[in-house]
Number of protein chains: 2
Amino acid sequence: MLKDDIFTGMITLTEENYLKALYRLSLETEEISVKDIADSLDIKMSTVNSMIKRLAEKKLLRYEKYKAIELTEKGKKMALHILRKHRLTELFLSKVMGLGWEEVHDIAEQIEHIQSDLFFDRIDEMLGHPKFDPHGEPIPDANGKLPVFKATQLSEGVINKKYKLTGVLNHETAFLKFLDSVGLSIGSVIVIKDIQDFDRSMSVLLNNKSKTIFSQTVCENLLVV
Amino acid sequence: MLKDDIFTGMITLTEENYLKALYRLSLETEEISVKDIADSLDIKMSTVNSMIKRLAEKKLLRYEKYKAIELTEKGKKMALHILRKHRLTELFLSKVMGLGWEEVHDIAEQIEHIQSDLFFDRIDEMLGHPKFDPHGEPIPDANGKLPVFKATQLSEGVINKKYKLTGVLNHETAFLKFLDSVGLSIGSVIVIKDIQDFDRSMSVLLNNKSKTIFSQTVCENLLVV
DNA sequence: TTAAATTGTTAGATTAGTCTAACTTTTTAG
DNA sequence: CTAAAAAGTTAGACTAATCTAACAATTTAA
């Protein structure tokens, strides 16, 4: 029974949280330090120090005294798996269960640790295998691979190309209500018909039906792919 | 920080599992012993012994050396709260997410520990505030109160009374398919029109529409209220 | 370039949850 | 009624995850 988990690849909830933090940090900084992790998880450096030694033994990261910390491929894959579960859960709570976007994060932090492929695959299916969460962040697929493209702002778009709405950067009620009022929701098709040079506003065609004008601010807050 | 949880009423996942086991055992036996708990959770008696001392300190159960163990009102309330979350989750996984009844239990064992009233209240709402799970077991309400009546078997029913299907005792695919084929699902209305003395089969009216005959076996497996 | 500040490491303690082993009390069967 | 079996208890050890406190290495700035 001792050190069973090294053989089974089993991982504790706490270890999952370290991996997730490690992955997030790897996107933000070149070199991940013990302090970065301690700050991001709000625990002491000494605690981090002992934990990374354990994770290194499990081959989830590479670590040498006083050097920067790096996830291994195995560690990265596990982190992406948790991230996938987190993002799918957030989308599910919001789209299927109708919870507010500000409410879903804390619940998703708990549900992301549920061990059941069945459960998350079904969520994925019910959501139509989404590639991005409403923040525009990519959702890793079941194999832990990230989509190559990240969603971009509509304000970066070009005329006459078909875009699909995948998320928004502004989550205020007022903005979401505005989107509602023009008939926009995740998955809507947007085609830019014209761009006004003087104020960067755009004439757009929505879902091949209604035509309207979006200000630069609106365009910057719409994530498309 | 020391003994914080005694003040906050916070409870660990493990403690929740003890409470749940205690409650289940209290329905099965008069006197709950250390051994009962050890067997039901598959841990050693010595472990149970130390844990019940902790739970007693937290006023979740009453314990004296060599005496039977009893949940306090507070402990019972917490146990019912977990039970509510478990049963609501099972129903949700099955009815909303379309998972098979054999698959939902293990997932529900994990999700029942999620801390979020919002989440479970929303599930409750989406399910239409169900009073019974598909096993016919009552679901405690948000205040931890159990419905007074437990579902009974249709085979115990009387002629011309309106019954509502709340669950089944047999969860085999074949039986569930049969129910499907006659148009029965949770919530369906059943009225017994006649009972045959010689084989205890019943002529029944379903949803005020179709009339059919159920064998005694079928009636015994239908839970109604 | 060296002293101060920051960051990292180690040692040792604590708590939750578990175990084994030794011992005690209660229950049960002859 | 008593001896054996079953159940219960205690003591002591272990792991995971955390902490504090002391000390070491590295980085930064005067």
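Each chain gets a letter, A, B and so on, in the order the sequences are listed, and its residues count up from 1. Hydrogens, waters and symmetry mates are skipped; everything else that's a heavy atom, side chains included, is used. Values in this document were obtained by computation on a predicted structure and should not be read as measured data.
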Worksheet item: Is the phosphate of C/dA16, meaning OP1 or OP2, less than 4.0 Å from a side-chain N or O of B/Tyr18?
Response: no
Discussion item. Applying salt bridge (charged side-chain N to carboxylate O under 4.0 Å, His left out) as the test, list every pair that has at least one member in residues 92-111 of chain B; sequence neighbours left out.
Written reply: B/Lys20-B/Glu109
Item to complete: Answer yes or no: is there an ion pair linking A/Arg122 with A/Glu125, defined by an N-O contact shorter than 4.0 Å?
Response: yes
Worksheet entry | Residues which pass side-chain hydrogen bond (donor to acceptor under 3.5 Å, both in side chains) with B/Ser116, listed by chain and number, not counting sequence neighbours | none
Worksheet item: Is the shortest side-chain N/O distance from B/Asn49 to OP1 or OP2 of D/dG8 below 4.0 Å?
Response: no
Worksheet item: A/Met45 CE to D/dA22 C1': how many Å, rounded?
Response: 13 Å
Worksheet item: Where does the angle between the aromatic ring planes of A/Trp101 and A/His171 fall among parallel (under 30°), tilted (30 to 60°) and perpendicular (over 60°)?
Response: parallel
Response to the item:
Rounding to 0.5 Å, atoms CG (B/Leu55) and CG (B/Leu22) come to a distance of 7.5 Å
Item to complete: Using whole Å, report how far CD1 of A/Ile69 lies from C1' of C/dT7.
Response: 12 Å
Practice prompt. Could you tell me the separation between the CD1 atom of A/Ile32 and the P atom of C/dT7, rounded to a whole number of Å?
Written response: 16 Å
Discussion item. Without decimals, in angstroms, what is the distance between B/Asp42 CG and C/dC19 C1'?
Written reply: 13 Å
Discussion item. Mind checking if A/Ser50 touches a base, just sugar-phosphate, or nothing, with heavy atoms under 4.0 Å?
Written reply: base
Discussion item. Counting C-beta onward and ignoring hydrogens, is there a side-chain heavy-atom pair between B/Val168 and B/Asn221 closer than 4.5 Å?
Written reply: no
Worksheet, complete the sentence: residues 24-35 of chain A vs salt bridge (charged side-chain N to carboxylate O under 4.0 Å, His left out), sequence neighbours excluded, gives A/Lys35-A/Asp39
Worksheet item: With respect to the phosphate group of D/dT26, does any side-chain polar atom (N or O) of A/Lys67 fall under 4.0 Å of OP1 or OP2?
Response: no
Fill in: Nearest-angstrom distance from the residue atom CD of B/Glu64 to C1' of D/dT9
15 Å
Practice prompt. With a 4.0 Å heavy-atom cut-off, tell me which residues in residues 109-116 of chain B come close to DNA chain C, sorted by residue number.
Written response: none
Distances for protein N or O near nucleotides 2-6 of chain C N or O, under 3.5 Å:
none

Worksheet item: Once you round it to whole Å, what is the distance between C1' of D/dT18 and CD1 of A/Ile52?
Response: 15 Å
Worksheet item: With a 4.0 Å cut-off on heavy atoms, is A/Thr14 in touch with a base, just the backbone sugar-phosphate, or nothing at all?
Response: sugar-phosphate
Practice prompt. Show your reasoning for whether side chain to side chain donor-acceptor pair (under 3.5 Å) applies to B/Asp141 and B/His129.
Written response: CA-CA 9 Å; B/Asp141 70 16; B/His129 308 287; over 6 Å; no
Item to complete: Starting from P on C/dT7, measure out to CD1 on A/Ile37 and report it in whole angstrom.
Response: 14 Å
Fill in: Annotated protein contacts, base or backbone, on nucleotides 21-26 of chain C with a non-hydrogen cut-off under 4.0 Å, one of B, S, - each
B---SS
Discussion item. Does atom CD (B/Glu172) have a neighbourhood of more than 12 heavy atoms from anything else shown, all under 6.0 Å?
Written reply: no
Discussion item. With side chain to side chain donor-acceptor pair (under 3.5 Å) as the criterion, how do B/Thr14 and B/Asn17 come out once you've worked through the C-alpha distance, each side chain's angles and the decisive distance to 0.1 Å?
Written reply: CA-CA 5 Å; B/Thr14 308; B/Asn17 284 332; 5.8 Å; no
Discussion item. Which residue in the set A/His105, A/His113, A/His81 passes ring pair (Phe, Tyr, Trp, His ring centres under 6.0 Å) when paired with A/His86?
Written reply: A/His105
Worksheet item: What are the two closest non-hydrogen atoms of B/Asp124 and B/Pro130, and how far apart are they?
Response: OD1-CD, 3.5 Å
Worksheet item: Within the structure, does a side-chain N or O atom of B/Lys44 lie under 4.0 Å from either OP1 or OP2 of D/dG8?
Response: no
Discussion item. Whole angstroms only, please: what is the CD1-P distance between B/Ile11 and C/dT15?
Written reply: 19 Å
